[in-house]
Amino acid sequence: MAGVSKNGCGHVQAAGIELTLLDCIRYLKRATGINGVAQIAKDIGDRANPKKLASIARHFENTSVRRLGYLLDLSNHKKQADALQPFAQQSDKYMPLDPSVRPLIEGLSISESRDDRWRLDINETVEIDF
């Protein structure tokens, strides 16, 4: 709680859309998985300020930022996705879109495709309700 006013009502600081999106992708498992976060990105991603999103993203893991960028792209939120694209160029290593999906045999890739823009192995089909 940020403070209490004279009339006894509390003031609460709430996360903005940008921080909410980044927190959801960071805590993917708690946010109902990749499809849940994809739906959140689709529903509120267009309201994120691209400059603010990129600024806040500097404080997050590069892989999380790339995953969010990919989901924003899927949702056709081009301005927001483009703001995060420079983070993908900072890494040559491809990471799984969904880190909870593991191959049966360690070392084998289970992804059917790669996304070069975001440097992600697409190891899970993302479903979004439009």
Side-chain angles (χ1 to χ4, degrees):
M1 192 179 295
V4 178
S5 68
K6 290 182 181 179
N7 66 6
C9 295
H11 297 277
V12 178
Q13 289 184 337
I17 291 169
E18 299 81 7
L19 183 57
T20 298
L21 289 166
L22 287 159
D23 274 344
C24 285
I25 199 69
R26 174 187 272 172
Y27 302 110
L28 188 63
K29 198 173 188 177
R30 292 185 201 153
T32 70
I34 196 72
N35 288 318
V37 177
Q39 192 64 51
I40 292 166
K42 184 257 177 206
D43 291 344
I44 67 171
D46 64 330
R47 298 193 321 235
N49 177 300
K51 287 182 183 179
K52 192 173 180 182
L53 184 62
S55 177
I56 295 170
R58 284 183 276 161
H59 304 284
F60 282 74
E61 305 82 15
N62 182 279
T63 305
S64 293
V65 175
R66 290 188 278 154
R67 288 179 180 129
L68 179 58
Y70 176 81
L71 296 178
L72 289 167
D73 255 350
L74 281 182
S75 300
N76 297 315
H77 301 315
K78 184 172 174 33
K79 290 178 194 172
Q80 291 79 6
D82 287 350
L84 298 180
Q85 215 289 310
F87 291 89
Q89 295 177 352
Q90 295 173 6
S91 178
D92 290 331
K93 186 176 180 183
Y94 281 72
M95 298 299 290
L97 172 63
D98 188 342
S100 68
V101 176
R102 304 267 185 231
L104 292 176
I105 300 172
E106 192 65 35
L108 290 181
S109 174
I110 58 171
S111 65
E112 295 180 17
S113 65
R114 281 188 155 185
D115 187 288
D116 292 329
R117 175 169 159 88
W118 297 104
R119 292 183 173 68
L120 293 170
D121 286 322
I122 309 306
N123 63 340
E124 181 74 355
T125 302
V126 177
E127 297 176 13
I128 304 172
D129 293 332
F130 282 92

After noting the C-alpha distance and the side-chain angles of Trp118 and Leu84, does the key distance pass the side chain to side chain contact (heavy atoms under 4.5 Å, CB included) rule?
CA-CA 9 Å; Trp118 297 104; Leu84 298 180; 4.1 Å; yes

Test log, rule side chain to side chain contact (heavy atoms under 4.5 Å, CB included), inputs Ile128 and Ser75
CA-CA 8 Å; Ile128 304 172; Ser75 300; 3.8 Å; yes

Verdict with reasoning, Asn76 to Asp46, per side chain to side chain contact (heavy atoms under 4.5 Å, CB included):
CA-CA 9 Å; Asn76 297 315; Asp46 64 330; over 6 Å; no

Given side chain to side chain contact (heavy atoms under 4.5 Å, CB included), test Arg119 with Gln89 step by step and report yes or no.
CA-CA 8 Å; Arg119 292 183 173 68; Gln89 295 177 352; 4.2 Å; yes

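Side-chain atoms of Arg66 do not come within 3.5 Å of backbone N or O of Ala88 as any donor-acceptor pair. A side-chain donor-acceptor contact under 3.5 Å links Arg67 to the backbone of Leu97. For the pair Glu124 (side chain) and Asp98 (backbone), a donor-acceptor distance under 3.5 Å is absent. In this structure, the side chain of Gln85 does not engage the main chain of Gly69 through any donor-acceptor pair within 3.5 Å. A distance-only check finds a donor-acceptor pair linking the side chain of Glu18 to the backbone of Asn49 [under 3.5 Å].
Note that CD of Gln80 is 6.5 Å distant from CG of Leu72, once rounded to the nearest 0.5 Å. Annotation: the span from Ser113 atom OG to Leu120 atom CG amounts to 10.0 Å, rounded to 0.5 Å. Rounding to the nearest 0.5 Å places CD of Glu61 at 9.5 Å from CG of Leu22. Residue Leu68 holds its CG atom at 10.5 Å from CD1 of Ile40, rounded to the nearest 0.5 Å. Separating the CG atom in Asp115 from the CD1 atom in Ile122 is a distance of 5.0 Å, to the nearest 0.5 Å.
Ion pairing between a basic and an acidic side chain is recognised when a charged N comes within 4.0 Å of a carboxylate O; Asp23 and Arg30 show no such pairing.
One hydrophobic cluster, built from ILVMFWY side chains closer than 4.5 Å, cannot hold both Leu53 and Tyr27; they sit in different ones.
Summarising the geometry of Arg58 relative to Ser55, their closest heavy-atom pair is NH2-OG, 2.9 Å, with the distance given to 0.1 Å. Minimum interatomic distance between Asn62 and Ser91 (heavy atoms only, all atoms of both residues): OD1-CB, 4.0 Å. Counting all heavy atoms, side chain and backbone alike, Leu21 lies closest to Ala41 at CD2-CA, 3.8 Å. Contact detail for Arg26 and Ser64: the closest heavy-atom pair is CA-OG, 3.8 Å.
In this structure, Val126 and Asn35 have side chains that are in contact, with non-hydrogen atoms separated by less than 4.5 Å.
Using modelled atom types and a 3.5 Å distance limit, the side chains of Asp116 and Tyr94 yield a donor-acceptor pair.
The one candidate from Thr32, Leu19, Val37 that meets the side chain to side chain contact (heavy atoms under 4.5 Å, CB included) condition with Cys24 is Val37.
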